[in-house]
Amino acid sequence: MKEFLKGLNREQAEAVLYFDSPLLILAGAGSGKTRVITYKIAYMIEELKYKPERILAVTFTNKAAREMKERVEGLVGSSAPVIVSTFHSFCVRLLRAHSVRVGYQPNFLILDSDDKKRLLREIIRDMDLDSELYNPSAIASVISNIKNGLYSADSMTIYYDRIREIFEAYNKRLKENNAFDFDDLLIYGRELLRDPELQKRYSDFFQYVLIDEYQDTNRVQYEIARALTKEKGNICVVGDEDQCIYTWRGANIDNILSFEKDFPDAKIIKLEKNYRCTKVILDAANAVIENNKLRKGKKLYTDNPAGEPIRLYAAESDIEEANFVSKTVKQFLKKGVKPSEIAVFYRTNSQSRVIEDALRKEGISYQIVGGLKFYERKEIKDIIAYLRVALFEKDTISLLRILNVPKRGLGSAVEKKLKEILEKESSNIGALKILSSELKMEKQKRAVEDLVGTIEEIREKLHQLKPYDLIRFIVVSTGYEEYLRKENPEDWESRLENTKELGNTVQEFSEREKLEGEELYLEFLSTITLSSDQDEIEEEEKVTLMTVHASKGLEFPVVFITGLEEGLFPHIKSLDTKEGIEEERRLFYVAITRAKRLLALSYAKRRRTFGSYRDTRKSRFLEEIPPYLIKEVKKRESQPAVTKEISVKSVQKEKRPSLVFHKKFGKGVVRRIEGAGENAKVTAFFANYGEKTIVMKFLKVLG
DNA sequence: CGCAGTCATTTTTTT
DNA sequence: AATGACTGCG
């Protein structure tokens with residue numbers, strides 16, 4: 001067992017070994033927390049002889065869950081059925097077993113945000129409300145906030161006088177469809193644990209509970225964690241208040257700030273040594289985050305070398321900024337940096353487009369994390385809607401989605417009629433049959449009958465066909481393939497390709513999970529609706545593009561952060577409140593600390609938004625980074641050589657000084673060194689004096 | 001009912 | 001700029 005602890009520093013080892021009371025690990029960025037968590041789990045299995053399946057680890061994404069599981073298995077050298085999941089998928093499991101207790105059938109449906117918006121749009125339209133004020137996206141987030149207990153429906157009537165009605169209608173519709181939205185999964189999961197019997201059963205069952213990214217848990221998640229561990233205090237949470245970036249989703253920074261109050265005699269261990277970033281990068285991150293007031297306060301340090309100065313590029317326009325990124329990326333690639341070691345971040349998804357164009361122009365292959373997810377593409381959602389209609393007794397949302405897709409002459413008039421029928425009828429097929437009997441026009445009658453036939457056929461084939469063939473069958477038998485050709489003359493091929501890709505995915509899923517028939521599709525559907533952006537990251541040799549939010553928990557040797565402009569980053573919608581700005585700052589902090597070795601920042605003086613150009617001002621956050629850490633990259637000037645190769649290994653090994661101090665010039669970042677010993681000539685960059693060459697003996701080495 | 005043309009909205013971040 | 005919703009005609 002001792003070898004487990006080798007390579008851990010004192011605090012890390014202490015965190016692994018501590019089991020006497022609830023434990024809060026305040027883990028700074030890059031402080032090796034994943035290591036601590038996995039070692040701790042391995043320690044429980046190997047030394048404390050806990051049963052793996054009685055250990056619950058909660059992560060932020062399903063991908064993180066998979067990785068953690070693999071790492072634990074690597075440590076204990078065998079498969080370890082530790083339950084590693086997100087709060088959402090954990091609740092799905094709970095609900096599959098006990099949903100009847102909260103009044104739902106176990107084969108429930110999970111609505112994603114697109115479904116949710118569709119449903120709300122419909123409700124709002126039915127209530128004849130002003131769609132300008134009551135816009136579905138805004139209402140969706142209000143509803144989410146109400147469900148998460150951020151405020152009550154009644155208090156929101158100041159802004160939306162009929163919000164309560166909408167809220168109730170929405171919930172009623174969910175219930176009728178035996179459906180949960182994302183928030184419901186957590187809420188009903190918690191509800192189940194309020195039942196003393198279940199609470200006892202599960203809290204007895206789990207010998208230990210670990211929660212990662214604790215700073216981003218919300219109230220309900222906290223209550224779930226507490227229900228599982230309050231008697232035994234067998235809980236360890238890991239988080240960093242400086243990385244809380246989801247308050248808009250109900251994440252509650254108090255969960256971490258008041259852990260000691262919630263869990264009496266809690267132990268707190270701080271991990272403040274960073275193993276990831278160069279000194280320059282870490283200094284910048286520390287300097288930025290110090291501007292925040294709402295924090296416990298901790299300061300990261302590192303033994304890593306100073307590294308290269310942070311590059312800053314002031315572009316004339318968004319297009320020029322994108323060119324800077326692509327040109328610089330190209331240089332790095334030439335120097336031997338692997339594409340997968342480079343990431344480009346931005347604040348909003350819409351910024352990706354220009355950057356993509358620039359990368360494509362340079363012939364650099366890239367992948368986008370997030371943005372429009374695979375399962376959110378229209379063709380995929382349409383096919384899935386057919387699957388859902390065949391699978392679920394009643395799924396009004398999906399049924400209405402496909403009623404006239406592909407076009408079969410069933411327009412709004414028919415839709416209205418169907419909705420009326422659906423209010424009383426409790427099955428999709430039943431409703432369609434009534435509908436066809438009520439229709440006058442022969443053509444429409446036949447269209448509905450055909451649709452019923454198709455759905456029933458799909459239902460039969462659910463068990464007969466292999467998953468890939470079933471998806472293919474849906475695409476062909478519904479006329480969807482033809483429809484794609486007609487509606488999308490430009491890109492029908494790639495869309496059709498996507499539907500085949502869906503077929504492959506289900507096929508693989510079925511083989512991996514060893515499931516088939518209804519059970520397979522039910523599991524598949526809940527898995528994909530809960531799949532996150534990071535779950536889609538490929539391991540290929542490509543440059544990665546993503547929003548700053550999506551970068552959480554990841555690291556890259558080279559990181560570009562683009563669009564550092566007032567109103568964009570920090571985002572305009574956060575400027576009203578101090579809390580808002582602090583959250584943006586944490587977001588920037590997260591972005592900076594993803595970089596291991598080289599950080600490049602950029603902004604554009606003019607940016608195209610909503611189709612027209614606007615002048616911008618550079619982000620206040622740039623002023624918060626000490627100037628001596630920054631090297632401004634000028635246009636046209638040939639880019640200064642990247643000192644040697646950029647590889648992860650050299651971060652740890654490099655011994656030559658990279659940050660120096662001079663009596664007159666102050667702190668300087670080393671560019672070149674000629675010779676050795678105290679007579680070596682050092683060329684360094686000083687903030688107010690520029691590049692100077694000085695003999696070593698006049699300098700103090702800082703890093 | 002479908003279509004073509006017009007209008008309006010989008011861009012905060014996401015399980 | 002680009003997508004989707006809406007409108008009025010055939």
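Quick note on labels: first sequence line is chain A, next is B, and so on, each numbered from 1. Atoms considered below: every heavy atom in the structure, side chains included; atoms not considered: hydrogens, waters and symmetry mates. The shown structure was predicted, so the numbers you read here are calculated from the model rather than taken from an experiment.
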Think R608(A) has a side-chain N or O under 4.0 angstrom from the OP1 or OP2 of dA1(C)?
-> yes
So does N349(A) get a side-chain nitrogen or oxygen closer than 4.0 Å to the phosphate oxygens (OP1/OP2) of dT13(B)?
-> yes
From L530(A), L186(A), T86(A), residue fulfilling side chain to side chain contact (heavy atoms under 4.5 Å, CB included) relative to C91(A) = L186(A)
Set out, line by line, the N/O atom pairs under 3.5 Å between protein and nucleotides 1-3 of chain B.
from	atom 1	to	atom 2	distance (Å)
dC1(B)	OP1	G411(A)	N	3.2
dC1(B)	OP2	A413(A)	N	3.4
dG2(B)	OP1	G409(A)	N	2.7

Check: F345(A) ring centre within less than 6.0 Å of F560(A) ring centre |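 Aromatic pair excluded; centres sit 6.0 Å or further apart.
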Using a cut-off of strictly less than 4.0 Å between a heavy atom of the residue and any atom of DNA chain B, enumerate the qualifying residues of residues 568-578 of chain A by number.
->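 Within this stretch, H571(A), K573(A) sit under 4.0 Å of the strand.
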With side chain to side chain contact (heavy atoms under 4.5 Å, CB included) as the test, would you mind laying out the steps for D181(A) and D115(A) before giving the verdict?
-> CA-CA 9 Å; D181(A) 65 15; D115(A) 299 326; over 6 Å; no
Under the ring-ring contact (aromatic ring centres under 6.0 Å, His included) rule, collect the residues that match up with H571(A), sequence neighbours excluded.
->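 Applying ring-ring contact (aromatic ring centres under 6.0 Å, His included) to H571(A) gives none.
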Hey, does R121(A) reach any base, or is it just sugar-phosphate, or nothing, if we go heavy atoms under 4.0 Å?
-> sugar-phosphate
N145(A) CG to dT14(B) C1', straight-line distance once rounded to whole Å | 13 Å
Could you pull out all residues at least two apart from Y104(A) that satisfy side-chain hydrogen bond (donor to acceptor under 3.5 Å, both in side chains)?
->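 For Y104(A), no residue satisfies side-chain hydrogen bond (donor to acceptor under 3.5 Å, both in side chains) once neighbours in sequence are set aside.
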side-chain hydrogen bond (donor to acceptor under 3.5 Å, both in side chains) filter on R93(A), not counting sequence neighbours, yields none
Would you mind telling me which of dT11(B), dT13(B), dT15(B) lies closest to the side-chain atoms of S350(A)?
->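 Of the candidates, dT11(B) comes closest.
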Taking the side chain of T86(A) as heavy atoms from C-beta outward, which of dT15(B), dT12(B), dT14(B) is closest to it?
->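 Within the option list, the nearest is dT15(B).
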Would you indicate whether R446(A), at its atom CZ, is surrounded by more than 12 heavy atoms from other residues, nucleotides or ligands within a distance under 6.0 Å?
-> no
Residues which pass side-chain contact (heavy atoms from CB on, under 4.5 Å) with R608(A), listed by chain and number, not counting sequence neighbours |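 Here the qualifying residues are D318(A), Y613(A).
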